[in-house]
Protein chains: 2
Amino acid sequence: MALEHAILVSLLEKPGSGYELARRFERSIGYFWTATHQQIYRVLKRMEGDGMLAVREVAQQGRPDKKEYSVAAPGSAALSRWLHEPIEPESMRHDLAVKIRGAAFDDPAALIREVERHHAVHSGRLAHYLAGERRDFTGPDAPVPLDQGRELQHVVLRGGIAYERMTIAWLDDVLATLHRLGGPPPA
Amino acid sequence: MALEHAILVSLLEKPGSGYELARRFERSIGYFWTATHQQIYRVLKRMEGDGMLAVREVAQQGRPDKKEYSVAAPGSAALSRWLHEPIEPESMRHDLAVKIRGAAFDDPAALIREVERHHAVHSGRLAHYLAGERRDFTGPDAPVPLDQGRELQHVVLRGGIAYERMTIAWLDDVLATLHRLGGPPPA
DNA sequence: TCTTTCTATGCAACTCGTTGCATAGACAAG
DNA sequence: CTTGTCTATGCAACGAGTTGCATAGAAAGA
């Protein structure tokens with residue numbers, strides 16, 4: 001149940017509304033965790049009920065009111081407890097790999113377009129992560145020296161970058177294999 | 001809902017019982033998909049009801065009877081349809097990254113042991129994958145030339161290997177960062 | 001003016017996935 | 001003879017995650 005903990009971390013970094021959290025989960029947090037607004041609102045409500053979060057109604061101009069959540073003491077305590085527990089190393093869920101093995105019972109060449117599409121998406125993500133890294137960590141506007149929190153954010157981002165680079169290289173390998181099986185590759 | 005499709009692929013590669021599928025999901029299929037036996041039995045039952053799979057009761061000696069499942073025509077058709085549909089590129093779910101960012105609000109040095117544990121698990125998996133690769137694809141006992149299905153299995157395994165190597169390198173980076181933060185006292 | 005887009009929150013229904021428990025035959029070790 | 005392990009299947013309950021729908025104020029553009 002790491003969504004709770006991801007929300008706690010994000011709200012400790014900066015308090016915000018469900019809507020703002022959902023946007024963060026599309027951006028920086030989304031580098032390593034995803035969640036829809038439905039999930040987030042539901043969990044926020046439960047965590048508020050459990051006393052882990054504090055809420056504050058904030059009136060805005062030119063926008064609907066929002067509920068700004070921040071972490072209460074029991075929330076910090078719960079996060080701290082979780083940080084000291086061991087967790088299971090990740091297991092993968094890679095739909096595309098299922099498709100690739102399934103292609104043996106269909107037409108492998110028909111997968112090429114799909115793999116190219118994934119390649120493009122991952123290339124886009126990599127560019128996005130690299131832009132974020134320059135903006136926040138390695139560019140001329142980045143604070144020097146970085147504080148502890150930023151160092152940790154940076155090493156997580158480097159993980160996302162490494163993941164995308166690895167994935168792109170593997171998709172190149174997959175494409176070469178599919179071309180080899182389907183005939184000579186196009187120039 | 002790719003578990004269905006992963007099961008179809010696995011049963012096309014070789015018919016088997018729920019128990020056998022569960023073991024495959026701990027091994028080769030587990031390189032890119034995980035499932036518990038509960039999930040598998042439940043989905044097998046549903047797929048049988050939908051006419052996607054055929055069952056055969058097999059009596060065994062020295063062991064309980066088993067139900068051997070194989071793919072029926074509607075199952076192949078469903079898999080083929082799915083193979084021609086586009087799917088969403090993966091999104092990550094990385095608990096450890098949540099912990100790393102959370103460590104900014106706790107003691108980063110306390111995470112070192114946990115990260116080392118993950119490092120050991122991933123190193124073990126890498127060794128296991130490499131052994132499998134030598135056994136099935138690159139070793140002296142591997143058939144030459146490989147058929148289409150094996151080529152595709154190999155490229156998926158190469159993906160698993162690339163993933164583990166990338167992860168291990170990143171965990172080294174994480175450890176170096178944690179040591180750096182815990183080593184020199186803050187100014 | 002009308003439509004679309006963005007901010008902001010939420011319900012209902014459903015499927016997916018995990019955890020704990022239960023059963024049962026065969027075999028091996030103590 | 002009891003305990004533990006391996007094969008083999010399954011139920012029940014719960015929590016996690018997805019999809020579709022609904023509402024509503026404000027701004028921007030056709």
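Note that the coordinates shown come from a computational prediction; the quantities given were computed from them, not determined experimentally. Naming: A, B, ... by sequence-line order, numbering from 1 per chain.
- With rounding to whole Å, B/Glu26 atom CD is found 13 Å from C/dT18 atom P.
- Across the protein-nucleic acid pair, B/Trp33 atom CH2 and C/dT18 atom P stand 10 Å apart, rounded to whole Å.
- Between A/Ser17 and C/dT9 there is a side-chain N or O to OP1 or OP2 distance below 4.0 Å.
- Between the C1' atom of C/dT18 and the CG atom of B/Asp95 lies a distance of 14 Å, rounded to the nearest Å.
- For the OP1/OP2 pair of D/dG10 and a distance below 4.0 Å, the side-chain nitrogens and oxygens of B/Lys45 include at least one atom meeting the criterion.
- Note: CD1 (A/Ile87) to C1' (C/dT18) measures 16 Å, nearest angstrom.
- OP1 and OP2 of D/dG10 both lie 4.0 Å or more from every side-chain N or O belonging to B/Tyr41.
- One finds a side-chain N or O of A/Arg23 lying less than 4.0 angstrom from the OP1 or OP2 phosphate oxygen of C/dT7.
- Scanning atom types as modelled, one donor and one acceptor separated by under 3.5 angstrom connect the side chain of B/Arg42 and the base of C/dT18.
- Rounded to whole angstrom, the span from the NE2 atom of A/His37 across to the C1' atom of C/dC11 amounts to 10 Å.
- Here the C1' atom of nucleotide C/dT18 and the CD1 atom of B/Ile40 are 13 Å apart, to the nearest Å.
- At least one side-chain nitrogen or oxygen of A/Gln39 sits closer than 4.0 Å to the OP1 or OP2 atom of D/dG17.
- Spacing between atom CD of A/Gln38 and atom P of D/dT23 amounts to 15 Å, rounded to whole angstrom units.
- We find that OH of B/Tyr19 is positioned 5 Å from C1' of D/dT7, with the value rounded to whole Å.
- In this pair, B/Tyr129 and B/Tyr31 present their aromatic rings tilted. The plane angle is within the 30 to 60° band.
- Residues A/Trp33 and A/Leu3 form a side-chain contact, since some pair of their non-hydrogen atoms from C-beta on lies under 4.5 Å apart.
- In this structure the side chain of B/Glu68 reaches within 4.5 angstrom of the side chain of B/Lys66, judged on heavy atoms.
- In this structure, A/Ala35 and A/Pro64 both approach DNA chain D, and ranking their closest nucleotides by distance from the 5' end singles out A/Ala35.
- Between B/His122 and B/Trp170, the distance separating the two ring centers is not shorter than 6.0 angstrom.
- Ring geometry, A/His5 versus A/Trp82: the interplanar angle falls under 30°, so the pair is classed parallel (tilted spans 30 to 60°).
- Counting any heavy atom pair closer than 4.0 Å across all strands shown, B/Gln60 reaches sugar-phosphate atoms only and no base atom.
- Checking C/dT18, C/dC11, D/dT18 against every side-chain atom of A/Thr36, the shortest atom distance belongs to D/dT18.
- Taking for each of B/Arg93 and B/Tyr69 the nucleotide of DNA chain D with the nearest heavy atom, the 5'-most of the two is the partner of B/Tyr69.
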